[in-house]
Amino acid sequence: MERFYDTSPYDGFDPAPYPDDLQGWGWNHEIFEEAIGAVRPKVIVEVGTWKGASAIRMAEIVKSLGLDTRIICIDTWLGSEEHFLGLRAEERISLRRCHGFPQLYYTFLGNVVRRGMQDIIVPLATTSTQGAIILGKAGIRPDLVYLDAAHDYPSVLLDLNSYWGLISDTGVLIGDDYIGWGGVTQAANEFAMKTGAPIFGELGKFMMCKGNAVRARISMVRT
Ligand SMILES: C[S@@+](CC[C@H](N)C(=O)[O-])C[C@H]1O[C@@H](n2cnc3c(N)ncnc32)[C@H](O)[C@@H]1O
């Protein structure tokens, strides 16, 4: 936290005006428990956090395993195309726009504070590309990266290119919405082909491991 802030973003924050709203997608997948248990990461980077459901789930796992892990959450907290253009009014409403500007960040902060995860979750409000540059310059090498930001092909490919090189030599990358979203699937498969790193996937999630040791301990990889 001190690396990025002079004062904690949680200091003096009052969650009361923001409803407890932990809307999220795919946050309860068993891959989080398996990967965190296998890697025992010191640093997790989540790219695409929304209201914090997946970050909070990972924080719960980290706590239950007694790990001293920080989860850096990188998001603009401005939403993605599907939240602006989606046919489901619920998604547009959930941006909670105030004079047109999304208030997602405060919903996220409120969710984290209510669950007492401020000691684990570190928000970094920026684009995925800038986030990777900031981490690189700060010398931070995550052991686990969870990619769940924009889902269009060029954005996913850019995120894969930006984050893969940052991951520690024994770390893993998990991506959301594999198979379900064409852009994600195409980018992930092409990236794996280009790097030669094996990719393991099923409907909803894919995973790429840097080191061999961790692979054998994760069931998605074994099946
Ligand atoms: C699908 S949601 C993340 C859901 C979250 N992981 C969960 O499971 O609850 C995608 C998020 O990515 C963020 N996002 C989209 N494009 C981004 C970009 N280029 N840089 C940073 N964040 C981005 C959006 O603001 C949105 O909050």
Side-chain angles (χ1 to χ4, degrees), residues 4 18-33 35-36 44-62 71-88 90-98 100-112 114-115 117 120-136 142 144-163 166 173-185 187-188 203-207:
F4 300 122
Y18 305 97
D20 193 31
D21 170 6
L22 210 54
Q23 176 195 41
W25 306 268
W27 55 269
N28 205 14
H29 197 284
E30 70 237 14
I31 191 71
F32 293 119
E33 210 157 359
I36 292 170
I44 296 174
V45 170
E46 176 174 80
V47 189
T49 292
W50 188 244
K51 299 174 188 176
S54 44
I56 288 169
R57 176 68 194 128
M58 289 192 278
E60 286 168 356
I61 296 167
V62 156
I71 303 175
I72 301 172
C73 291
I74 294 172
D75 199 308
T76 57
W77 280 283
L78 294 176
S80 305
E81 48 142 329
E82 66 269 22
H83 309 121
F84 286 83
L85 301 173
L87 293 177
R88 287 183 298 184
E90 150 215 337
E91 297 211 341
R92 291 195 301 277
I93 291 165
S94 67
L95 289 170
R96 293 188 204 288
R97 283 179 283 187
C98 180
F101 197 77
Q103 304 296 298
L104 279 173
Y105 179 70
Y106 301 107
T107 304
F108 155 77
L109 277 193
N111 287 334
V112 173
R114 277 190 208 94
R115 286 159 186 82
M117 297 298 186
I120 298 179
I121 294 180
V122 181
L124 206 54
T126 187
T127 64
S128 56
T129 311
Q130 282 299 303
I133 292 169
I134 292 166
L135 295 183
L144 194 161
V145 167
Y146 178 48
L147 274 193
D148 189 18
H151 287 18
D152 59 282
Y153 166 77
S155 300
V156 179
L157 198 55
L158 183 61
D159 287 347
L160 284 164
N161 276 305
S162 302
Y163 285 89
L166 290 178
L173 181 146
I174 300 171
D176 194 39
D177 288 311
Y178 190 65
I179 302 174
W181 286 66
V184 174
T185 316
L203 180 62
K205 296 277 186 277
F206 70 92
M207 166 176 267

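Numbering of ligands and ligand atoms starts at 1, following listing order. One is the number of the first residue; the rest follow in order along the sequence. Here the structure is a predicted model, which is why all the values come from computation and not from measurement.
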The single option from Tyr105, Trp25, Trp27, Phe108 that satisfies ring pair (Phe, Tyr, Trp, His ring centres under 6.0 Å) with Trp50 is Trp25
With distance as the sole test, does Asp148 use its side chain to make a donor-acceptor pair with the main-chain N or O of Asp176 at under 3.5 Å?
no
Would you say Pro123 and Leu109 make side-chain contact, with heavy atoms under 4.5 Å?
yes
Within-cut-off N or O pair, Gly52 and ligand 1, under 3.5 Å:
no
Give me the nearest non-hydrogen protein atom to atom 15 (C) of ligand 1 as residue plus atom name, then the distance to 0.1 Å.
Ser80 OG, 3.1 Å
Where ligand 1 meets Gly24 - atom numbers and elements under 4.0 angstrom, heavy-atom basis:
9 (O)
Measure the OG1-CG distance between Thr49 and Asn111 for me, rounded to the nearest 0.5 Å.
11.5 Å
Report yes or no: does Thr126 have a heavy atom closer than 4.0 Å to ligand 1?
yes
Would you say CH2 of Trp77 has more than 12 non-hydrogen atoms from neighbouring residues, nucleotides or ligands within 6.0 angstrom?
yes
Kindly identify the option in Ser54, Ala55, Gly79 whose heavy atom sits closest to atom 8 (O) of ligand 1.
Ser54
Can you pull out the closest protein heavy atom to atom 23 (C) of ligand 1? Residue, atom name and distance to 0.1 Å, please.
Ala149 CB, 3.8 Å
Under 4.5 Å between any side-chain heavy atoms of His83 and Pro102, yes or no?
no
Can you label the angle between the His151 ring and the Trp181 ring as parallel, tilted or perpendicular, going by 30° and 60°?
perpendicular
Tyr106 atom OH, over 12 foreign heavy atoms within 6.0 Å:
no
Taking non-hydrogen atoms only, is Val47 closer than 4.0 angstrom to ligand 1 via side chain, backbone, both or neither?
neither
Strictly under 4.0 Å, does any heavy atom of Ser155 approach an atom of ligand 1?
no
Thr127 N/O to ligand 1 N/O under 3.5 Å:
no
Who gets closest to atom 16 (N) of ligand 1 by heavy atom: Ser162, Ala150, Ser128?
Ala150
For Ala53, take its heavy atoms, then give the atoms of ligand 1 lying under 4.0 Å from any of them.
9 (O)
Which atoms of ligand 1 are found less than 4.0 Å from any heavy atom of Gly48?
3 (C), 5 (C), 6 (N), 11 (C), 12 (O)
Side-chain heavy atoms of Leu104 within contact of Leu78, under 4.5 Å
no
Scanning both residues in full, the closest heavy-atom pair of Ser80 with Ala150 reads OG-CA, 4.3 Å
Kindly confirm or rule out an N or O of Asp75 lying under 3.5 angstrom from an N or O of ligand 1.
yes
Measure from atom 22 (N) of ligand 1 to every heavy atom in Thr49, Thr76, Leu22, Ile56 and give the option owning the shortest one.
Thr76
Among non-hydrogen protein atoms, atom 4 (C) of ligand 1 lies closest to Asp148 OD2, 3.3 Å
